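This report refers to the structure that appears directly beneath it.
Everything quoted here is computed from the prediction, not taken from an experiment.
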Amino acid sequence: MSCVVAAESEFSAPETVLSVPGGHVAAPVVQIVDGRYRLWAAVHDGVAWTWSSSTSFDGRTWSDPEPVLDTFDVDPLDPPRAAVQAPPA
């Protein structure tokens with residue numbers, strides 16, 4: 001997964017900030033929760049997709065993805081996507 005970390009109108013070059021050895025991270029959704037970044041993504045381990053979650057304090061260094069939903073069988077070229085809604089302001 002590549003993530004661009006930048007100020008409001010300044011963009012940096014894409015950089016890999018989270019990877020899964022031998023697998024793929026796809027369809028990421030990032031939200032700030034309790035002062036840190038939380039990422040939900042589809043993670044493919046070479047066999048099946050799982051919904052996983054990682055956290056980061058700076059948006060560059062992430063915890064290892066932790067599965068949050070059982071594996072499911074979908075087209076490996078078309079990962080499932082999440083819908084995340086922010087709490088009311």
message: Run the side chain to side chain contact (heavy atoms under 4.5 Å, CB included) test on V30 and W62 for me, step by step, so that the C-alpha distance in whole Å, both residues' side-chain angles and the decisive distance to 0.1 Å come before the verdict.
response: CA-CA 12 Å; V30 178; W62 292 89; 4.2 Å; yes

- line: Paired with V43, the side-chain contact (heavy atoms from CB on, under 4.5 Å) test is passed by just one of S53, P67, S52, namely S52

message: Main chain of T55, side chain of S63: is a donor-acceptor contact present, judged purely on distance under 3.5 Å?
response: yes

task: For S56, enumerate each residue passing the side-chain hydrogen bond (donor to acceptor under 3.5 Å, both in side chains) test, keeping only those at least two apart in sequence or located in another chain.
output: D58

- line: Nearest heavy-atom contact between A26 and A41 is O-CB, 3.6 Å

message: Side-chain heavy atoms nearer than 4.5 Å, only ILVMFWY residues, links allowed to pass through others: does that put L39 and I32 together?
response: yes

message: Rounded to the nearest 0.5 Å, what separates atom NE2 in H44 from atom CH2 in W49?
response: 6.0 Å

